[in-house]
Amino acid sequence: MSETSFTPRVFSGIQPSGNLHLGNYLGALKRFVDWQAKDVESIYCMVDLHAITVWQDPKDLQKSTRELCAGFIAAGLDPEKSILINQSQVPEHAQLAWVFNCVARMGWMQRMTQWKDKAGKNAQNASLGLFAYPALMAADILTYHATHVPVGEDQKQHLELARDIATKFNHDYDVDFFPIPEPVIEGAGTRVMSLRDGSKKMSKSDVSDASRINLTDDADTIAKKIRKAKTDPDALPSEAKGLEERPEARNLINIYAALNGQSVDQVLADVGGKQFSEFKPMLADLAVDKMSPITTEMSRLMENQDEIDKILTRGAERARAITAPILRKTYDIVGMVPPVER
Ligand code: AQP
């Protein structure tokens with residue numbers, strides 16, 4: 001099966017499960033905006049069905065979904081250029097996920113590190129949805145015949161599973177129907193680590209708020225969190241190999257590079273030899289400079305929630321023009337009787 005026989009189309013999503021943080025911004029959102037500039041048809045999704053695989057307070061979920069949409073737009077996504085949707089408003093995601101639940105194998109799901117991390121020792125008590133999460137993610141992508149999926153490093157394994165599902169479907173039904181989607185994991189911001197522990201990824205669910213920079217943090221809070229970020233006592237190196245075995249230093253340099261659109265080598269050429277006491281204020285200024293306009297715009301957009309709801313409704317209409325025929329064709333391939341016109 002040729003991976004290039006499908007028209008390029010981009011899909012990605014973020015869970016409305018709490019505050020957007022710098023990791024989501026650099027690993028995903030900022031790169032969605034870069035893709036938008038390439039003029040490829042793109043769909044960006046607030047994946048609320050994924051969010052409820054762990055408990056969400058209903059009122060918080062609504063607020064987080066609208067806030068996420070505001071974050072998408074504030075970061076530079078234009079709802080006229082990209083299709084912005086709330087997953088639950090496009091029923092084909094869940095419908096195709098059921099078909100994929102019947103294609104994917106239990107053993108594939110059991111190997112997923114995110115399942116093991118999130119279910120932990122309490123797997124018997126985890127939701128069935130959390131276990132099946134990667135099949136829904138495959139459906140999110142493939143219900144658009146998306147070919148490219150910009151994500152952070154942590155989603156690599158789920159993307160491989162989406163590829164396995166597409167391959168097995170095509171093989172089982174002897175068709176060339178689903179593209180094999182390409183993960184696009186590029187740049188210095190694909191794995192932003194906790195500010196408190198350079199071995200843990202920055203995450204919404206970390207109990208320590210000091211571990212992450214939220215897109216809703218004000219300038220003082222951002223500067224304070226960077227000032228207090230864990231580091232080591234040595235000066236910064238002039239070459240990337242000097243960051244080996246220095247996870248916290250590497251993380252702060254990666255963040256600087258990703259925020260400033262530079263490579264790690266370029267950053268180190270400028271800051272090599274500096275102490276953290278000198279570098280941290282530089283990073284804080286840069287982070288405030290890049291993030292504050294987004295935060296301000298997000299708050300402004302949140303004042304007009306009706307407008308956000310209209311954008312999502314319109315996005316769902318545009319999305320369904322793509323997804324409904326793909327789902328119908330999937331059902332035909334699987335052998336489901338179509339409804340007749342009356
Ligand atoms: N630390 C990160 N560095 C780079 N990219 C990241 N992403 C998440 N964390 C980092 C990327 O953001 C996109 C959306 O992620 P998500 O919210 O759907 O899921 P997640 O990975 O589960 O996010 P969190 O913050 O880690 O949530 P919790 O704490 O609930 O598990 C994805 O492209 C992801 O790679």
Side-chain angles (χ1 to χ4, degrees), residues 10-35 42-57 60-61 64-65 67-69 71-72 75 77 85-87 93 112-120 126-127 129-130 133-134 136-138 140-141 146 148-162 181-209 211-216 225 229 247-248 250-252 254-255 257-259:
V10 176
F11 176 92
S12 197
I14 298 185
Q15 297 185 68
S17 51
N19 280 337
L20 269 173
H21 55 72
L22 187 65
N24 299 135
Y25 175 64
L26 294 176
L29 197 41
K30 186 169 185 294
R31 296 175 45 241
F32 302 169
V33 179
D34 295 341
W35 269 99
S42 305
I43 302 99
Y44 298 112
C45 187
M46 287 117 248
V47 287
D48 55 353
L49 297 174
H50 282 281
I52 62 164
T53 56
V54 297
W55 170 252
Q56 303 293 332
D57 179 272
D60 290 347
L61 181 61
S64 297
T65 304
E67 207 164 66
L68 183 54
C69 185
F72 276 21
L77 289 179
I85 53 159
N86 186 19
Q87 188 183 27
H93 289 242
M112 294 295 107
T113 49
Q114 186 168 303
W115 158 250
K116 290 189 220 164
D117 289 349
K118 288 201 170 175
S127 74
L130 187 65
Y133 184 114
L136 177 58
M137 181 164 155
D140 295 336
I141 299 162
H148 295 79
V149 188
V151 281
E153 176 76 37
D154 59 327
Q155 292 298 327
K156 190 166 180 224
Q157 197 186 28
H158 285 165
L159 250 301
E160 274 158 16
L161 198 135
E182 285 290 331
V184 190
I185 303 170
E186 295 169 334
T190 55
R191 190 163 180 80
V192 177
M193 309 308 278
S194 155
L195 297 179
R196 307 301 304 160
D197 177 351
S199 67
K200 271 169 61 183
K201 112 180 158 134
M202 187 177 283
S203 151
K204 296 185 197 101
S205 54
D206 195 316
V207 287
S208 163
D209 191 59
S211 70
R212 64 182 160 263
I213 293 175
N214 303 305
L215 255 67
T216 47
K225 285 180 177 175
E248 282 85 16
R250 187 171 59 227
N251 188 36
L252 295 188
N254 276 341
I255 291 174
L259 278 172

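Both ligands and their constituent atoms are indexed starting at 1 by order of listing.
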**Q.** Contact atoms of ligand 1, heavy-atom distance to G27 under 4.0 Å
**A.** 4 (C), 5 (N)
Q. Please state which protein non-hydrogen atom is closest to atom 31 (O) of ligand 1 and give its distance, to 0.1 Å?
A. K118 NZ, 2.9 Å
(Q) Under 3.5 Å between any N/O of G23 and any N/O of ligand 1: does that happen in this structure? (A) yes
Q) Are any of the N/O atoms in V192 less than 3.5 Å from those in ligand 1? A) yes
Q.
Below 30° counts as parallel, above 60° as perpendicular, anything between as tilted: where do the rings of F72 and Y44 land?
A. perpendicular
Q.
Below 3.5 Å, N or O to N or O, backbone or side chain included: is there any such pair between Q114 and ligand 1?
A. no
Q: Compute the shortest N/O to N/O distance between K201 and ligand 1 and return yes if it is under 3.5 Å, no if not.
A: yes
Q.
Among K204, M46, Q15, K156, which one puts a heavy atom closest to atom 17 (O) of ligand 1?
A. K204
Q.
I want to check something: taking the side chain as every heavy atom from C-beta on, are F32 and I14 in contact at a cut-off of under 4.5 Å?
A. yes
Q) Should the pair D209-K225 be classified as a salt bridge under the 4.0 Å nitrogen-to-oxygen rule? A) yes
Q. Which part of T190 is near ligand 1, with near meaning a heavy atom under 4.0 Å away: side chain, backbone, both or neither?
A. backbone
(Q) For atom 34 (C) of ligand 1, what's the nearest protein heavy-atom neighbour? Residue, atom name and distance, please. (A) D154 OD1, 3.3 Å
Q) Below 3.5 angstrom, do we get any N/O pair linking N24 and ligand 1? A) yes
**Q.** Short N or O distance, S12 and ligand 1, threshold 3.5 Å exclusive
**A.** no
(Q) Within ligand 1, which atoms have a heavy atom of R191 less than 4.0 Å away? (A) 3 (N), 4 (C)
Q) Under a heavy-atom criterion of less than 4.0 Å, does G13 contact ligand 1? A) yes
Q) Within a reach of under 6.0 Å around NZ of K204, are more than 12 heavy atoms found that belong to other residues, nucleotides or ligands? A) yes
Q | Which atom of R191 lies closest to which atom of D154, heavy atoms considered | A | NH1-CB, 4.0 Å
Q. Quick check: does G152 get an N/O under 3.5 Å from an N/O on ligand 1?
A. yes
**Q.** Where ligand 1 meets S203 - atom numbers and elements under 4.0 angstrom, heavy-atom basis
**A.** 25 (O), 26 (O), 28 (P), 29 (O)
Q | Contact atoms of ligand 1, heavy-atom distance to G189 under 4.0 Å | A | 4 (C)
Q: Taking all heavy atoms of M137 and all of L159, pick out the closest pair and write down the distance.
A: CE-CD2, 3.4 Å
Q: For residues F11 and H148, establish whether the separation of their ring centroids is below 6.0 Å.
A: no
Q: For T190 and E186, indicate whether the former's side chain and the latter's backbone hold a donor-acceptor pair under 3.5 Å.
A: no
Q | Distance-only side-chain donor-acceptor flag, S17 / Q56, under 3.5 Å | A | no
Q. For ligand 1, does H50 get within less than 4.0 Å through its side chain, its backbone, both, or neither, judged by non-hydrogen atoms?
A. neither
Q.
Within the 4.0 Å heavy-atom shell around V151, which atoms of ligand 1 are there?
A. 33 (O)
Q | Non-hydrogen atoms of V10 and P150 that approach each other most closely | A | CG1-CD, 3.5 Å
Q: Examine E153 against ligand 1 and note whether any of their N/O atoms are separated by less than 3.5 Å.
A: no
Q | Under 3.5 Å: N/O of I14 near N/O of ligand 1 | A | no
**Q.** Those atoms of ligand 1 less than 4.0 Å from some heavy atom in M202
**A.** 1 (N), 2 (C), 9 (N)
Q) Between the side chains of S208 and D206, is a donor N or O closer than 3.5 angstrom to an acceptor N or O? A) no
Q | R212 near ligand 1 by a heavy-atom separation under 4.0 Å | A | no
Q. Ligand 1 versus A28, non-hydrogen atoms closer than 4.0 Å: side chain, backbone, both, neither?
A. side chain
**Q.** Side-chain H-bond candidate by donor/acceptor type, H21 with N214, under 3.5 Å
**A.** no
